[in-house]
Amino acid sequence: FPSRRSSDLSIVTDGVNFITFIGDVIRGIFKMFFLPKDIRWQDFPYHILQIGVNALPIALLIVFLIGLITGYQGALQLKTFGADLYIADLISISITRELGPLMVAIIVAGRSGSAFTAEIGTMKVSEEVDALHVMGFNIIDFLVMPRLMAILIAMPILVILADVLGIFGGLLAALSSLDITAIGYFNRMQVVLGINDVASGIIKSLIFGFFITIIGCFRGLQVKGGAESVGRYTTSSVVTSIFHIILIDAIFTIIFPIIGL
């Protein structure tokens, strides 16, 4: 019983600390507009490269394959009812609203979120974070904000490019298994795909990116001890990020129709 109570207390404490950390980051965002020089912008190009450019090939490939798989599975059902042309509805809306942002977020969480935790955790182990505190640096401005700004810029771009490749993946599946043409596919897509569908995916990508960064940096700052602790918190960062991504996606799936988006 004592160990169970201790575990419950640890979860509550962790949750309170996480909410406090989110508040500190939001305060740092507002502060950035008034004191932009406090942010360590020298690290910004590096994080853009790591989060955006280096993640681009794998993100595009995976969403392309998701579009291809969804296209083939949808084609089998639509062909039965003679509704071949509606494959454009299935692919374009599912990719832009759900699958594109979701898959890109999971990839970025696995690549960049874990990297944030490992980098900051290693700094904690080597006492570099403590040294920054002693020298009077704000950890949020110095370590978190450059990563957050980079991911908020990179995520929408990654999602838009991934949406395009996913739609083309669905097109290949449609052309190879249904009696439609590329012109018919894109004409139908132009009718059904609205700006709200694309916008909803971009909004999701920004929220996903925010939480990936927050969780990755928060777990990194929790590291104590040695290398074993870095590995444990890095694993926890990825698992927690993916859980939050799916939870937030489910919430948005309910909210967006209510607000008409």
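Predicted model only: the values in this text are computed from it and were never measured.
- One hydrophobic cluster holds both Leu143 and Phe30 under the rule that ILVMFWY side chains link at heavy-atom gaps under 4.5 Å.
- Using a 4.5 Å heavy-atom cutoff, the side chains of Leu172 and Phe64 are in contact.
- A continuous path of ILVMFWY side-chain contacts below 4.5 Å connects Ile167 to Leu56, so both sit in one hydrophobic cluster.
- If you chain together hydrophobic residues whose side chains sit under 4.5 Å apart, Tyr46 and Leu158 never meet in one group.
- Between Val223 and Ile120, every side-chain heavy-atom pair lies at or beyond the 4.5 Å cut-off.
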Exercise for the section: Could you give me the CA-CA distance, side-chain angles and deciding distance for Lys31 and Met145, then say whether side chain to side chain contact (heavy atoms under 4.5 Å, CB included) is met? Expected result: CA-CA 11 Å; Lys31 177 185 173 184; Met145 294 306 297; over 6 Å; no

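- With values rounded to the nearest 0.5 angstrom, Ile22 atom CD1 is found 11.5 Å from Asn17 atom CG.
- The shortest non-hydrogen separation linking Leu221 to Lys124 is O-NZ, 2.6 Å.
- Atom CZ of Phe210 is separated from atom CD1 of Ile215 by 10.0 Å, given to the nearest 0.5 angstrom.
- Atom CZ of Phe168 has 12 or fewer neighbouring heavy atoms from other residues, nucleotides or ligands inside a 6.0 Å radius.
- With hydrogens and angles ignored, the 3.5 Å screen pairs no side-chain donor or acceptor of Ser236 with any backbone N or O of Arg232.
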Practice task
Go through Ile62 and Ile106 one step at a time and tell me if the side chain to side chain contact (heavy atoms under 4.5 Å, CB included) criterion holds.
Solution key: CA-CA 11 Å; Ile62 287 181; Ile106 291 173; over 6 Å; no

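- Of all non-hydrogen atoms in Thr213 and Val144, the two that sit nearest each other are CG2-O, 4.3 Å.
- Of all the heavy atoms in Met123 and Ser126, the pair that sits closest is O-OG, 3.3 Å.
- At distances below 3.5 Å, at least one donor-acceptor pair connects side-chain atoms of Ser200 with backbone N or O atoms of Asp197.
- Cluster membership check: Leu178 shares its hydrophobic cluster with Tyr72, using side-chain heavy-atom separations under 4.5 Å among Ile, Leu, Val, Met, Phe, Trp and Tyr.
- The two residues Gly209 and Met155 come nearest to each other via the heavy atoms CA-CG, 4.1 Å.
- Between Phe208 and Ala105, the shortest heavy-atom distance links the atoms CD1-CB, 3.5 Å.
- Ser229 places a side-chain N or O within donor-acceptor distance of the main-chain N or O of Lys224, the cut-off being under 3.5 Å.
- Around the CD atom of Gln190, the shell of radius 6.0 Å holds no more than 12 heavy atoms that belong to other residues, nucleotides or ligands.
- Interatomic distance, Asp163 CG to Leu60 CG, rounded to the nearest 0.5 Å: 10.5 Å.
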Problem - Candidate pair Arg27 and Ile140, rule side chain to side chain contact (heavy atoms under 4.5 Å, CB included), full reasoning - result: CA-CA 10 Å; Arg27 183 174 61 186; Ile140 300 296; over 6 Å; no

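- Under the 4.5 Å side-chain criterion, counting only non-hydrogen atoms from C-beta, Arg147 is in contact with Glu119.
- Between the Arg219 side chain and the Val238 main chain, no donor and acceptor come within less than 3.5 Å of each other.
- Shown here is Tyr86, whose OH atom has no more than 12 heavy atoms of other residues, nucleotides or ligands within 6.0 Å.
- Side-chain contact between Phe256 and Asn196: absent, with no pair of heavy atoms (C-beta onward) separated by less than 4.5 Å.
- Met189 approaches Ser92 most closely through the heavy-atom pair CG-CB, 3.4 Å.
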Practice task
Under the side chain to side chain contact (heavy atoms under 4.5 Å, CB included) rule, what do Leu102 and Ile245 come out as? Steps first, then yes or no, please.
Solution key: CA-CA 7 Å; Leu102 188 63; Ile245 287 167; 3.6 Å; yes

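- Linking ILVMFWY residues whenever their side-chain heavy atoms come closer than 4.5 Å, directly or via other members, leaves Val239 and Ile214 in distinct clusters.
- Note that the CG atom of Leu68 and the CG atom of Leu165 stand 11.5 Å from one another [nearest 0.5 Å].
- Within the model, atoms CD1 of Ile180 and NZ of Lys79 stand 11.0 Å from one another, a figure rounded to the nearest 0.5 Å.
- Proximity of a side-chain donor or acceptor of Ser94 to a complementary backbone N or O of Ile91 within less than 3.5 Å is detected.
- Between the side chain of Lys204 and the backbone N or O of Arg97, at least one donor-acceptor pair lies under 3.5 Å.
- Within a 6.0 Å sphere centred on CG of Asp179, heavy atoms belonging to other residues, nucleotides or ligands number 12 at most.
- The structure places CG of Leu148 at 10.5 Å from CZ of Phe44, a figure rounded to the nearest 0.5 Å.
- When each of Tyr233, Phe116, Phe18, Phe211 is checked for a ring pair (Phe, Tyr, Trp, His ring centres under 6.0 Å) with Phe218, only Phe18 meets the rule.
- In this structure, Thr240 contributes its side chain and Ser237 its backbone to no donor-acceptor pair below 3.5 Å.
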